[in-house]
Amino acid sequence: MINNLTENNASIENPISLVIDMEGYEGPLDVLLALARKQKVDLNKLSILTLADQYLAFIKKIKEKNIEIAADYLVMAAWLVYLKSKLLLPKEENNDELSGDELAARLQWQLRRLDSMREAAKKIMTRNRLGMDIFPRGFPDKIKFKKNSVFNLSLFDILKAYSDFNSRSKKKPYIKKRLFAHTMDDALKWLSTIIGSPVPKWELLVSFIPESIISNQDKKSAITATFSASLELVKDGKVVIQQDKEFSPIYIKNKLV
Amino acid sequence: MAQDDKIIRMMEAIFFAAVQPLSEEDLSDRLPDDINIKDYIDKIKIKYSSCGVNLIKVAGGWSFRTAPDLSFLLEKERTVTRRLSRAAIETLAIIAYHQPITRAEIEEIRGVALSKGTVDLLMEANWVILKGRKKAPGRPVMYGTSNEFLDHFGLDNVGDLPGIEELKATGLLSPEPPQNINTNDDENQN
Amino acid sequence: MAQDDKIIRMMEAIFFAAVQPLSEEDLSDRLPDDINIKDYIDKIKIKYSSCGVNLIKVAGGWSFRTAPDLSFLLEKERTVTRRLSRAAIETLAIIAYHQPITRAEIEEIRGVALSKGTVDLLMEANWVILKGRKKAPGRPVMYGTSNEFLDHFGLDNVGDLPGIEELKATGLLSPEPPQNINTNDDENQN
C-alpha cells in the first residue's frame, strides 16, 4: 500500500506547490514522521494507532482551512483508516492479506528508515567539508607534459616511398605483360582423351592438366578451365564427375552410352 | 637515513602538486620500486601531524589538506557552494547509504516523488554518478556516489559513512523490512 | 615558542591553500597584528628548505613551490601519434639507403629542395643522426640512420634493408602493377 503511494506521487507534476499547501511537509510520510516525533517515544515503541488518529486529525484541520489537499495525503488517510480497522477488529482467519500488526510494523519500519536517513544527512552535512572547512592546495605546480612523439610509420611505408620515388624517377614505360592462360578449348582438348576410352575408370580431374604448366599462377588458370570444361562434358552426357566432400579431389569417368 | 629523506622529499613534492588524492599505485608510478610506500606515508603523516597542513586518507588515497581547526583563516579560499534544499540533502544521504539505488527506490524511502532537478543537481555537483542499470523491468538507472563526494566530505570510502554499520545491522539499509520484524502488540493497541 | 608554532601552522595553511603567491601585506590581513611577518616567513623558509616543497619568493609574494631538483617528478609523458609527410618518408628512405648522405645529395636524388623542417623532424624522432662531415668543399654534414631507427623497424643493421633487386622482385619497385592483380582479360574470355 505504501509502495503504491510513492508511485501515485510520481504523477504529481509539481511537488513544490504541494509543499506550500501542506504546511511545509514533504509528503504523507514526512507528516507521519513529524507526528511520530511528537509522541516523544522511540520510533520502535511508536503507537501506530495514535499516529493514525493524529494524521487523520491533521488532515481534518487542513480541510477546515479550505486548503486543497494533494491526492497522496488523502490516499494515506484512507489507508490509515483501513489499518486502524485491521488493528482493532479481531484477526480474520485464513486470510492471505497482511495482518494489521504486520502492516503497522511495516509502516513503523518505513518511518524509522526515513528518520535514519534524515539523521545521516545531518551527520554528513556537519562533516568537515572540502573547500569549506578544509582546503586543498590552492596553487599547485603545473604538471608539465613531456611530449613524446610517435610516428605512425612502418618499414613498408619506407620501402614503398623509396620504390615509388625510384619508379617516379626512372619513368619506365609500362608494358603490359601477356599472361599465359589455359583456355577452356585447351582443357576440352585434353579432356577429350578420356571420351571414348573403352574401359571406364575414375581418374583425377587434375591429371588432365598438361605437365608443362608449372607456375602456381598458371596452374590456377588451368584448374579453373579444366573444371569448367568437365562440367560442359557432363552437361553433354559424355562424362560423370564425383567429389566425396568439399575441397576433396574431383574424379572424372567416361560415361558409356 | 639519507635515502629516507630523499623519498620523503619526493613524496612531499608529489603530494603538494597533486590536486586529487593519490593512491599507493599513483605514487608507486613515480617512486623507486624497492620502497614500502605505506611506511613513507606514515612517516609523512607523523611529520605533518602538528603542521598547518596534514596528510589525510580520503577517497581511497592520500592528500595534503589544511588542518580543520584553521578554516577560519581561509575565508578567502572558501568556495561558494549552492545551498542544497532539504530534499537534495536527504536524497544525497539516501543515495550514499543505499547505493546503488534507483529513483523509484529513493522515492519509496522518502514517501514522495523526487522533483526533476534534485538528482540532476547532485550529479552536476559531481557527487552523484550513474552506477549501471538495475536488472528489473524497465532496467532503471541506478545512482551512487563519486570519488568527489568522498573527497568533499572527507571520507575514505563509502564504508566510512557515519553510522553505516549500525544501520546495516538494524536492517534499515535493506530494501524490505526484516522478516522477524518485531511488532509490539501491547503498545500498538492502546 | 608555542606562539611561534601556532603562527607557523597558520601561515602554512594560508600558503598552502592560497591560489596565488602572497605578499607580506596579504598575510598581515589574516594574521595577528603584533607579529613580525618577515621573521615568520624566514622561519618557514628554513623549515621547508630541505623539504620537497620550498617557500620561495616569486612575482608578487611568497609561495610553496616544488623544490627545483624534484621538478622531474611533475613531468608526465604524453604520447602523441603523428603522421609523417610523404616528403619526410621519402627523405628517410633515401637517407636509409644512401647513408651517409648530405642534404645536397638528398636534394639531388629527389630533384626538389628539402624543406628546412624535414630533416629536423627525422632527427627529432631519433631516426636520423649526424654521421660526420663529407670531405668535400664546405665540409657539409652527412646524415644516417640511428640505432633507434633499426629498433623501430625491426632491423638488425642497415644491410637488412631490402635491396633494389629485392624490391623489384616484390613488385614494389616495378613500374608494373603487382603480378597477382594482373589478370589477362583477353585470354580468359573465350
Side-chain angles (χ1 to χ4, degrees), chain A residues 130-188 215-218 220-222 224-225 228-229, chain C residues 13 15-21 53 63-66 71-72 74-84 86 88-94 96-97 109-111 121-122 124-125 127 152-155 161-162 164 167-168 170-177 179-180 182-184 186-188 190:
Chain A
L130 190 68
M132 294 175 79
D133 309 296
I134 65 171
F135 297 85
R137 177 106 189 258
F139 181 40
D141 292 87
K142 284 211 181 72
I143 304 281
K144 288 180 279 280
F145 283 99
K146 214 162 81 188
K147 241 210 301 201
N148 217 346
S149 289
V150 172
F151 289 101
N152 198 2
L153 189 66
S154 67
L155 186 59
F156 176 82
D157 295 326
I158 295 180
L159 302 181
K160 186 83 174 60
Y162 192 63
S163 60
D164 279 357
F165 151 76
N166 265 286
S167 328
R168 230 176 36 242
S169 50
K170 299 212 173 97
K171 295 243 168 63
K172 274 197 221 150
Y174 169 59
I175 304 156
K176 192 175 176 189
K177 220 163 94 186
R178 290 178 74 83
L179 281 187
F180 162 87
H182 191 62
T183 67
M184 207 157 107
D185 281 343
D186 294 337
L188 280 170
S215 89
N216 266 337
Q217 178 80 19
D218 296 352
K220 277 183 200 161
S221 158
T224 312
S228 306
Chain C
F15 276 127
F16 179 82
V19 295
Q20 60 191 43
V53 290
S63 181
F64 275 130
R65 297 286 93 186
T66 308
S71 62
F72 72 94
L74 307 183
E75 272 177 11
K76 253 190 196 163
E77 291 193 2
R78 191 161 52 184
T79 303
V80 201
T81 308
R82 287 204 273 167
R83 289 183 69 86
L84 281 176
R86 199 180 85 170
I89 299 171
E90 217 169 276
T91 303
L92 179 60
I94 290 166
Y97 276 95
I109 292 175
R110 290 192 64 227
L121 193 73
L122 295 170
E124 191 197 308
W127 287 339
H152 186 93
F153 296 104
L155 299 165
L161 280 169
I164 299 297
L167 288 175
K168 269 185 188 153
T170 64
L172 278 172
L173 253 189
S174 141
E176 297 163 30
Q179 289 280 316
N180 54 356
N182 196 347
T183 55
N184 199 322
D186 308 334
E187 308 216 14
N188 278 340
N190 66 330

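The structure displayed is predicted, hence computed values, not measured ones. The sequence lines fix the lettering, A, B, ..., with proteins before strands; numbering per chain opens at 1.
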Are side-chain N/O atoms of A:Ser221 and A:Asp218 paired as donor and acceptor at under 3.5 Å?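 Per modelled atom types, A:Ser221 and A:Asp218 side chains form no pair under 3.5 Å.
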Centre of A:Phe139's six-membered ring, under 6.0 Å away, within 45 degrees of the axis: is that where NZ or CZ of C:Arg65 sits?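 That pair qualifies as a cation-pi contact.
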With heavy-atom distances below 4.5 Å as the criterion, would you say the side chains of C:Phe153 and A:Ile158 are in contact? yes
Is it the backbone or the side chain of C:Ala17 that comes under 4.5 Å from a heavy atom of chain A, or both, or neither?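 C:Ala17 touches chain A through backbone and side-chain heavy atoms alike.
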Contact origin within C:Phe15 toward chain A - heavy atom pairs under 4.5 Å: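 When you check distances to chain A, no heavy atom of C:Phe15 falls under 4.5 Å.
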Check for me whether the distance between the ring centres of C:Phe16 and C:Phe64 falls short of 6.0 Å. no
Option that, when pairs with chain A are counted at under 4.5 Å, heavy atom only, ranks first among C:Pro21, C:Ala13, C:Ala93: C:Ala93
